[in-house]
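All remarks here apply to the structure that follows.
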Amino acid sequence: MTSKMTNKDFTTGLSALRGVRDDIKAIRKELAQLEADRDKRILALGAYEKAKADRIAPAAGLSVVDVVALVPHLGPQQPAPAQSELSGDDGQVAAAAPAPGPTGALAPDLRRPEPQPAAADSDTASGEQMHDASGEHVPDPEAVADGAAPALEEPAEQHDQEQQPTSTPGVAPAVEQGRELPSIPDGERGDAWCVPTPNLASKRPNFTQQPRQMAFLDTTTGVLVHRDQTVRLDLGAASVSEILTAVYATVPESVERIYITAGDPWHRDADRYPFLRDAVAAWLNAPVPGWSVESSRGKDRLAGHLVHPRNPVGRWQRGDQHTEIRSVGEWFDPDGADPAVVRDAFVLLWKQLRHHWPDVTLMGSPSQTGRDLWSRTIPAKAGSRWAEGYPVMSEEIRGLLHATAGQGRTELLVPPRVPEKLPQLVEFDRTFAYAKHTWASGVGAPRRITAAAFAAKSEKEQTNALFAPSHWQIRVTVPEGWDHVGILPAPATGDRAWYYPAEPGQTFTTWAGGAEVNLALRNPITPWRIEILDGLLWESGTPLRDWSTKLKDAWASLQALAANHGDQRQRLAAHLASRAVRSILLYGIGAFAQRPRITTRSVPVGCEHEIPAGAQIIGSDGETITWQRSAGFSRDPYAHPEWAAGVWSGARAALLSTKMREDDTFVGALHLPPDSVVAFRTDAIYTTHDPAWPYHGQPGDYLKKGHLPGPFTGPRTEEELLSLQSLGRAHLAEEQEGGQ
């Protein structure tokens with residue numbers, strides 16, 4: 001049958017369909033919030049000693065199985081084995097029975113002291129001792145390679161508990177996992193994953209980056225700063241077209257970057273869209289007469305727009321002229337600073353970095369700058385180790401690490417894990433945390449350690465493997481009697497989402513970095529049961545040490561300038577520059593992770609046939625349609641997700657327990673009362689306890705950033721936590737001002 005629909009009818013129908021789509025998005029978001037609220041209420045009801053799953057299920061509109069998945073102890077319980085079944089011939093309590101699944105090799109007890117390792121090499125003579133990723137002492141890498149056993153230091157609180165063996169009777173209930181993590185294939189196919197990508201290595205560049213002129217624009221006030229020139233522009237509604245027209249009527253065409261310091265013009269029409277990303281995409285893709293979206297050029301190979309909800313990047317060209325509009329929020333929060341102070345911050349940043357890198361060029365983003373600076377620390381002297389470049393992992397290993405190595409820990413604990421009413425809320429944030437975990441990283445081709453291979457090793461060899469740079473597939477059992485926060489991440493529903501099981505007897509399968517596995521085995525409370533299913537083990541090296549040491553020096557110099565400069569504006573500029581150094585290291589490490597490439601483009605409405613197969617439509621303003629598509633992993637010579645994964649694992653472990661050696665004290669969440677930990681946010685702990693943790697302003701130290709006296713109802717959502725965070729920081733500032 002011939003359709004009588006006209007092109008206009010078709011276009012109108014598409015517009016109506018998009019409206020339905022947006023309504024569905026909004027309803028789904030509301031539904032997800034209601035489901036999250038329902039699950040929290042189920043968890044709270046499940047804490048009642050007489051609670052039954054068959055009574056909660058009808059009230060929740062779920063099956064009994066669904067309720068038990070959320071509250072495992074409401075399910076049928078295995079009868080406890082007789083004492084004789086739990087004890088060996090010597091009468092000691094036996095270990096927990098392994099959970100069903102592939103046979104794993106039980107990890108050794110890492111709490112027992114071992115002989116001291118050989119003295120560290122001359123590289124550690126500067127005063128900083130070799131540490132593992134969680135801040136604990138580990139042997140020199142060469143000593144590990146030679147089989148020497150590491151020295152293990154223990155928290156003093158642990159000694160009394162070691163006299164009592166622990167057990168987990170019976171088969172532990174499994175955790176309901178939201179998604180299944182990938183595994184390495186068996187046999188030769190899996191072994192081939194460990195072969196690095198042929199003809200691809202990180203080598204020192206033989207060229208110098210070309211600097212690009214910058215301008216700084218406040219779209220709220222219209223103030224534009226370029227070098228020593230300050231003018232006020234009429235930006236109209238601050239569309240892309242209006243900004244480019246006004247700016248280039250004032251500054252030369254050689255200016256290639258326009259940093260927005262305030263105003264967030266890409267959010268001007270946010271009320272018209274269900275999500276900020278849609279509003280940003282519409283702003284970036286609006287018609288710009290005389291300009292087109294930039295295509296690839298030079299060594300950067302960067303083109304098109306980056307649709308980010310808060311820090312987007314727009315790239316346009318006009319003939320041979322190229323320009324970017326970026327948010328200065330990529331580098332730091334300007335915190336109300338005017339464009340001239342922001343310009344001064346970039347100048348101070350460049351001057352400090354130039355002390356260490358004479359050829360430094362500030363790139364468009366801190367991640368690009370960080371990776372470029374790192375590439376200029378790669379050994380170049382003929383005959384030096386890795387002078388031929390650091391090999392890049394196979395695409396399979398990069399994909400595995402992308403799927404199994406999470407970044408910062410974000411977790412909100414609610415009743416009954418914490419009290420309904422909080423007596424107070426204290427925020428502790430680790431200063432420049434990632435800089436603390438770059439001392440040693442895995443280099444070269446990884447060695448695969450299967451369960452059978454791990455079981456065949458001696459206990460010393462197993463211990464050395466668990467202290468070396470590594471990434472393990474493990475089956476975990478939370479010990480009986482555990483009453484603190486979880487230690488190891490388990491996959492949750494949603495892409496790259498994680499949660500931290502903590503209920504005694506829970507068993508789950510996951511991947512975790514060596515630092516976290518290490519901590520689970522020798523934490524200050526009681527060891528967890530870990531079965532090794534598979535793993536990747538790297539040689540220990542120092543590819544990030546020189547880079548991070550230079551950045552730490554620049555950061556410390558800027559911090560000192562911010563504290564002591566006589567001019568208030570220059571103090572603020574130095575503070576912002578120090579935050580930029582932090583971003584260079586933080587996002588530089590993130591750049592090593594090399595996520596799959598995402599291509600973003602737009603087409604006019606009516607040209608939907610130009611959208612390639614497999615693309616996802618992410619926005620439309622009625623005139624243009626924006627789409628994106630994953631293009632997989634590129635042949636990036638600077639892709640090292642093994643380094644990013646190691647730093648992230650170490651930071652998550654230190655969030656729970658690490659030693660401040662100069663003070664001979666342990667800090668972290670596991671050294672707080674069990675019911676006092678309210679939330680984690682990357683490098684921050686929110687707690688109702690106010691410990692007197694030392695603070696020296698060094699990377700990794702815990703800084704008290706907020707204090708809010710109670711009592712008050714604890715947060716139930718991230719928004720509520722952030723609101724309490726703001727109140728707590730303001731209150732602490734008032735306390736500190738009053739005490740001066």
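Side chains are part of it too, since the values below use all heavy atoms of this structure and drop only hydrogens, waters and symmetry mates.
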*asked:* Taking Gln473's backbone N and O only, do any of them form a donor-acceptor pair with Asp534's side chain (distance below 3.5 Å, no angle check)?
replied: no
*Checking Thr477 side chain against Thr507 main chain: does a donor-acceptor pair fall under 3.5 Å?*
no
*Residue pair Thr682 / Arg409, side-chain heavy-atom distance below 4.5 Å*: no
*Ring centroid separation for Phe666 and Trp693, is it under 6.0 angstrom?*
no
*Taking Trp511 for the side chain and Pro182 for the main chain, is one N or O donor matched with an acceptor at less than 3.5 Å?*
yes
*Would Lys704 and Asp429 pass as an ion pair if we require N to O under 4.0 Å?*
no
_Student check: side-chain heavy atoms of Glu642 and His471 closer than 4.5 Å_ = no
*If we only count heavy atoms from C-beta on, is the Pro711 to Pro423 side-chain gap below 4.5 Å?*
no
_Working note: Arg430 + Lys436, criterion side chain to side chain contact (heavy atoms under 4.5 Å, CB included); need CA distance, chi angles, decisive distance, verdict._
CA-CA 10 Å; Arg430 295 186 70 215; Lys436 186 72 172 179; 4.0 Å; yes
*Can you name the closest pair of heavy atoms from Ala107 and Phe454 and give their distance?*
CA-CE2, 4.1 Å
*asked:* If you compare all heavy atoms of Ala60 against all heavy atoms of Ile42, which two are closest, and at what distance to 0.1 Å?
replied: CB-CD1, 3.8 Å
_Could you tell me if Arg447 sits above the aromatic ring of Trp538, with its cationic atom closer than 6.0 Å to the ring centre and no more than 45 degrees from the axis?_
no
_Backbone N/O of Leu400 and side chain of Thr404: donor-acceptor pair under 3.5 Å_ = yes
*asked:* Is it the case that atom CZ in Arg38 sees more than 12 heavy atoms from other parts of the structure closer than 6.0 Å?
replied: yes
_Distance, nearest 0.5 Å, that separates CG of Leu519 from CG of Leu466_ = 12.5 Å
*Would you sort out whether Leu656 and Tyr500 count as a side chain to side chain contact (heavy atoms under 4.5 Å, CB included), showing the intermediate values?*
CA-CA 12 Å; Leu656 299 177; Tyr500 293 80; over 6 Å; no
*Would you mind reporting whether Tyr48 and Pro416 have side-chain heavy atoms less than 4.5 Å apart?*
no
*From CD (Gln462) to NZ (Lys460), nearest 0.5 Å*: 13.5 Å
*asked:* Looking at every heavy atom in both Val418 and Asp675, which two are closest together, and how far apart are they?
replied: CG1-O, 3.8 Å
*asked:* Measuring from atom CD of Glu480 to atom CZ of Arg529, what distance do you get when rounded to the nearest 0.5 angstrom?
replied: 13.5 Å
*Just by modelled atom types, is the Gly442 backbone N or O under 3.5 Å from a matching donor or acceptor in the Glu539 side chain?*
no
*Hey, does Pro543 have a side-chain heavy atom less than 4.5 Å from the side chain of Trp643?*
yes
*Which heavy atom of Pro489 sits nearest a heavy atom of Trp498, and at what distance?*
CB-CE3, 3.8 Å
*Side-chain contact, heavy-atom cut-off 4.5 Å: Leu655 with Ile685?*
yes
*Among Thr431, Asp663, Asp701, side-chain hydrogen bond (donor to acceptor under 3.5 Å, both in side chains) partner for Tyr695*: Thr431
*Backbone N or O of Val443 within a donor-acceptor pair of the His640 side chain at under 3.5 Å?*
no
*Show your reasoning for whether side chain to side chain contact (heavy atoms under 4.5 Å, CB included) applies to Leu181 and Thr510.*
CA-CA 7 Å; Leu181 297 178; Thr510 192; 3.9 Å; yes
_Working to the nearest 0.5 angstrom, can you tell me the gap between Leu727 CG and Leu722 CG?_
11.0 Å
_Within the 4.5 Å heavy-atom criterion, are Leu670 and Ile487 side-chain neighbours or not?_
yes
_Considering all heavy atoms, the nearest Ser657-His671 contact_ = OG-NE2, 2.8 Å
*Please answer whether the main-chain N or O of His707 pairs with a side-chain N or O of His731 as donor and acceptor at a distance below 3.5 Å.*
yes
*Looking at side-chain heavy atoms only, is the closest gap between Ile449 and Lys457 below 4.5 Å?*
yes
*Counting N and O atoms only, with roles assigned by atom type, does the side chain of Glu720 sit under 3.5 Å from a partner on the main chain of Arg716, one being a donor and the other an acceptor?*
yes
*So, for Tyr702 and Gly668, which heavy atoms are closest and what is the spacing to 0.1 Å?*
OH-CA, 4.0 Å
_Working to the nearest 0.5 angstrom, can you tell me the gap between Asn523 CG and Trp528 CH2?_
8.0 Å
*Can you find a side-chain donor-acceptor pair between Thr665 and Lys659 that sits under 3.5 Å?*
no
*Any sub-3.5 Å donor-acceptor pair from Thr463's side-chain atoms to Glu459's backbone N or O?*
yes
*Answer yes when Arg652 and Glu516 have at least one side-chain N-carboxylate O distance shorter than 4.0 Å, and no when they do not.*
yes
*So does Tyr587 have more than 12 non-hydrogen atoms from other groups sitting under 6.0 Å from OH?*
no
_How long is the straight-line distance from CD of Glu503 back to CG of Leu43, given to the nearest 0.5 Å?_
9.0 Å
*Under 3.5 Å: donor-acceptor pair, side chain of Trp482, backbone of Val485*: yes
*Judged by modelled atom types alone, do Trp472 and Ser470 share a side-chain donor-acceptor pair under 3.5 Å?*
yes
*Begin from the C-alpha positions of Thr438 and Val647 and carry the test side chain to side chain contact (heavy atoms under 4.5 Å, CB included) through to its verdict.*
CA-CA 6 Å; Thr438 54; Val647 171; 4.1 Å; yes
*asked:* Please tell me whether Ser676 and Thr687 have a donor and an acceptor in their side chains that are separated by less than 3.5 angstrom.
replied: yes
*Ion pair present between Glu427 and Arg681, side-chain N to carboxylate O less than 4.0 angstrom?*
no
